[in-house]
Number of protein chains: 2
Amino acid sequence: MTSPAAFAGLAALMGDPARAAMLQALLSGEALTAGELARAAGIGAPAASAHLARLVEGGLVLVHPQGRHRYHRLAGEEVAAAIEMLGGLATAVTPARRWPHGEEFRQARLCYDHLAGRLGVALYGALTGRDWIAPAAGGWQATEVGESGLAALGVDLAAARRARRFACDCMDWSERRAHLAGGLGREIAACCLRRHWLRRLPPLREGDPLARRRLALTPEGARQLDAALGVRLVA
Amino acid sequence: MTSPAAFAGLAALMGDPARAAMLQALLSGEALTAGELARAAGIGAPAASAHLARLVEGGLVLVHPQGRHRYHRLAGEEVAAAIEMLGGLATAVTPARRWPHGEEFRQARLCYDHLAGRLGVALYGALTGRDWIAPAAGGWQATEVGESGLAALGVDLAAARRARRFACDCMDWSERRAHLAGGLGREIAACCLRRHWLRRLPPLREGDPLARRRLALTPEGARQLDAALGVRLVA
DNA sequence: GCGACGCTTCGGCCCTGGGCGAAGGGATCA
DNA sequence: TGATCCCTTCGCCCAGGGCCGAAGCGTCGC
C-alpha cells in the first residue's frame with residue numbers, strides 16, 4: 001500500500017479490456033510474442049505494442065527480444081497471484097453465470113507456473129500435513145523427509161532452489177485456501193506434466209483465453225499422488 | 001475468471017484514483033458515509049456519489065442508508081483480500097520508496113475486519129500448529145481444544161459462527177503467507193481490540209488513507225498471546 | 001542484397017468518463 | 001412548518017487515452 005495513486009495506477013493498468021486479455025493469456029506462464037498477444041486481445045499490432053509498453057513500464061510484464069520476435073511474460077509470481085485473485089473476485093462478484101469453463105477448471109489449472117485448484121490445495125495440504133515443508137522466513141523450506149520424498153517423485157529440487165523464492169503461499173481463489181508457489185511449486189507442476197500425471201485440456205472454443213491453463217489429472221497421476229502423498233482426487 | 005471482460009471491468013472499477021482512495025479508506029472495515037469518502041478521495045460530493053454508485057453496482061461496496069446518511073462498506077472479505085493484495089503488488093512493483101508508513105504497518109494492521117501483518121501470520125501459524133483449527137470444506141473449522149482455547153481468550157465463537165464463513169485463508173501481501181479471515185478472524189481482531197491487546201496507532205499525517213488500519217500490540221497483548229499461543233512479537 | 005516479416009513510432013480521430021455547479025429529494029431538528 | 005443538512009440527479013465541459021493507417025526500423029530467409 002504505498003500511495004493510493006500507485007494502487008490506482010496498477011489497477012488501471014489491468015483494467016483495460018485489451019490489457020486484461022493479454023494478462024489472462026500470460027497467466028499460463030508461457031512467454032508469448034507481441035503478435036500472439038495482439039491476437040489474444042483482438043486488437044491490431046500498433047495498439048498491442050502500446051499496451052505492452054505500458055505493461056512493461058508498469059512492472060507487470062517482462063520482455064526479452066529474440067531475433068525479430070519479442071517474447072513477453074508476467075513479471076513474477078506475485079503478479080500472477082494478483083491477477084488470479086482478481087479474476088476470482090470477478091467471478092464471485094459478477095452475478096452472471098459463473099463457470100463458463102466448467103467445474104473442471106476448478107479441479108486443476110495452472111496459476112502462472114504452478115498448480116492451482118483443488119489439486120493445488122490438496123498438494124499443499126499434503127506437503128504441510130506430512131511435514132515435507134516447514135515454515136521459514138517469507139515462505140517455506142523443505143524438511144529432510146520432504147527432500148527425499150520430493151526427489152523420489154522426480155521433482156528437481158536444485159532447479160527449485162535457483163528460484164528467487166523456494167516456496168511460498170499463493171491464494172487459490174476457487175478454493176479460498178493457499179496453494180504452493182515459488183520454485184518448488186513450479187517444479188512440482190513441471191514434474192507432473194513431464195511424467196504425464198497431468199495433461200493439458202483442449203480449449204473449449206476458438207480463442208479461449210484460458211485454454212493454456214486448463215489441466216486434468218491422469219489416472220496414473222492420481223495413483224502416484226495418492227501413493228506418495230495421500231492426495232485423493234478423481235482423475 | 002469468467003470472461004476477461006469481467007476481470008477488466010473489475011480492475012477498471014478499482015483503477016480510478018478517487019475510487020481507489022475510497023476503497024483504501026474502506027479497508028479498515030468501518031462503514032463510512034458518502035461525505036467522508038468524498039473527503040478521503042479529495043473530490044466533491046457529486047463525483048463521490050457517482051463513484052459510489054458504480055462501486056455498489058459493481059458489487060464491491062454495500063450501502064445501508066441510515067436517516068440522511070448513507071453508510072458504505074466493502075462487500076466482503078474477498079473484496080478486501082483482493083484490494084489488500086493489489087496494494088501489496090503496487091508496493092512490490094513500484095520502484096519508489098516502499099514504506100511510507102514505516103515498518104510498523106508491516107507488523108500489525110487491519111485487513112478489512114481481521115488481523116494482518118506479522119501478527120496475523122504468527123497467529124495463523126499458532127492456530128494451525130497447535131491444531132486449534134483443522135481444514136474443512138472451503139476453509140477451517142475449530143477443533144475441540146481450539147474451541148476451549150479460543151473461548152478462554154475471550155473470542156466470541158458464536159458470533160464467529162454466524163458469519164458466512166467461519167474461517168478461511170487470506171493472503172498477507174507483506175509476509176507472503178496466509179493469515180486468518182472469516183468470522184473467526186474478525187472475532188479474534190475484535191477480541192484483541194476490546195481487551196486492549198491491540199491499540200490503534202495515530203495517523204502519520206493529515207488525511208492518511210491508511211490511518212484507520214494501523215495497529216500495534218500492547219505489552220499486555222504480547223504477554224497474553226505468548227502465554228496462550230506461543231506468539232512472540234515485540235509490543 | 002532484396003523481399004518478407006515482426007514490431008514500433010507517428011499522426012490523427014473519436015469517445016468514454018471524470019469533474020464541477022446548480023437544482024432537487026428526503027431526513028432531522030427546532 | 002421551515003431551516004438545515006446529506007446526498008443525488010442533471011447538464012455541461014474537457015482531457016485522457018484507445019484505436020487505426022501509414023511509415024520506419026531491425027531481423028530473417030532465399
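Below, all heavy atoms of this structure are taken into account, side chains as well, without hydrogens, waters or symmetry copies.
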Rounded to whole Å, CG of B:Asp16 lies from P of D:dG16 at a distance of 14 Å

Here the gap from B:Cys170 atom SG to A:Arg177 atom CZ, rounded to the nearest 0.5 Å, amounts to 14.0 Å

Ranking D:dT8, D:dC19, C:dG19 by distance to the side chain of A:Ile43, first place goes to D:dC19

query: Under a 4.5 Å cut-off applied to non-hydrogen side-chain atoms, are B:Arg54 and B:Arg19 in contact?
result: yes

Between the CG atom in A:Leu26 and the CD atom in A:Glu30, the distance rounded to the nearest 0.5 Å is 9.5 Å

Sorted by number, residues from residues 52-64 of chain A placing a heavy atom under 4.0 Å from DNA chain D are A:Arg54

The helix from C:dG1-D:dC30 to C:dA30-D:dT1: angle between terminal helix axes, five bp per end, to the nearest 10 degrees, reads 30°

| message | Check the phosphate of C:dG6 against A:Thr33, side-chain N and O only, distance under 4.0 Å to OP1 or OP2. Yes or no? | response | no

CZ (B:Phe105) and OG (B:Ser174) are apart, to the nearest 0.5 Å, by 8.5 Å

* Should A:His51 be listed as having a side-chain N or O under 4.0 Å from OP1 or OP2 of D:dG17? -> no

With a 4.0 Å cut-off on N to O distance, would you call B:Glu220 and B:Arg195 a salt bridge?
no

Between NE2 of B:His69 and P of D:dT8 the distance, given in whole Å, is 12 Å

Separation between NE2 (B:His179) and CH2 (B:Trp173), nearest 0.5 Å, reads 11.5 Å

The reported gap from CG in B:Asp169 to CD in B:Glu77 (rounded to nearest 0.5 angstrom) is 11.0 Å

Notebook entry, point to check: Counting N and O atoms only, with roles assigned by atom type, does the side chain of A:Arg213 sit under 3.5 Å from a partner on the main chain of A:Arg109, one being a donor and the other an acceptor?
Noted result: no

Atom CG of B:Leu32 and atom P of D:dC6 are separated, to the nearest Å, by 15 Å

Check: So what does A:Ala34 hit on the nucleic acid, given a heavy-atom distance under 4.0 Å: a base, only sugar-phosphate, or nothing?
Finding: sugar-phosphate

dist B:Gln24:CD -> B:Leu37:CG (nearest 0.5 Å) comes out at 12.5 Å

| field | Test item: A:Arg186 side-chain N/O and A:Ala181 main-chain N/O as donor-acceptor pair under 3.5 Å | value | no

Whole-Å distance, B:Met22 CE to D:dC7 P, equals 11 Å

Whole-Å distance, B:Leu37 CG to D:dC7 P, equals 9 Å

**Asked** Under the 3.5 angstrom rule, does the side chain of B:Arg199 hit a backbone N or O of B:Thr218 as a donor-acceptor pair?
**Response** no

Measure all distances between protein nitrogen or oxygen atoms and nitrogen or oxygen atoms of nucleotides 27-30 of chain C, and list the pairs falling under 3.5 Å.
none

>> Please determine whether a side-chain nitrogen or oxygen atom of B:Arg70 lies at a distance below 4.0 Å from atom OP1 or OP2 of D:dC6.
In response: no

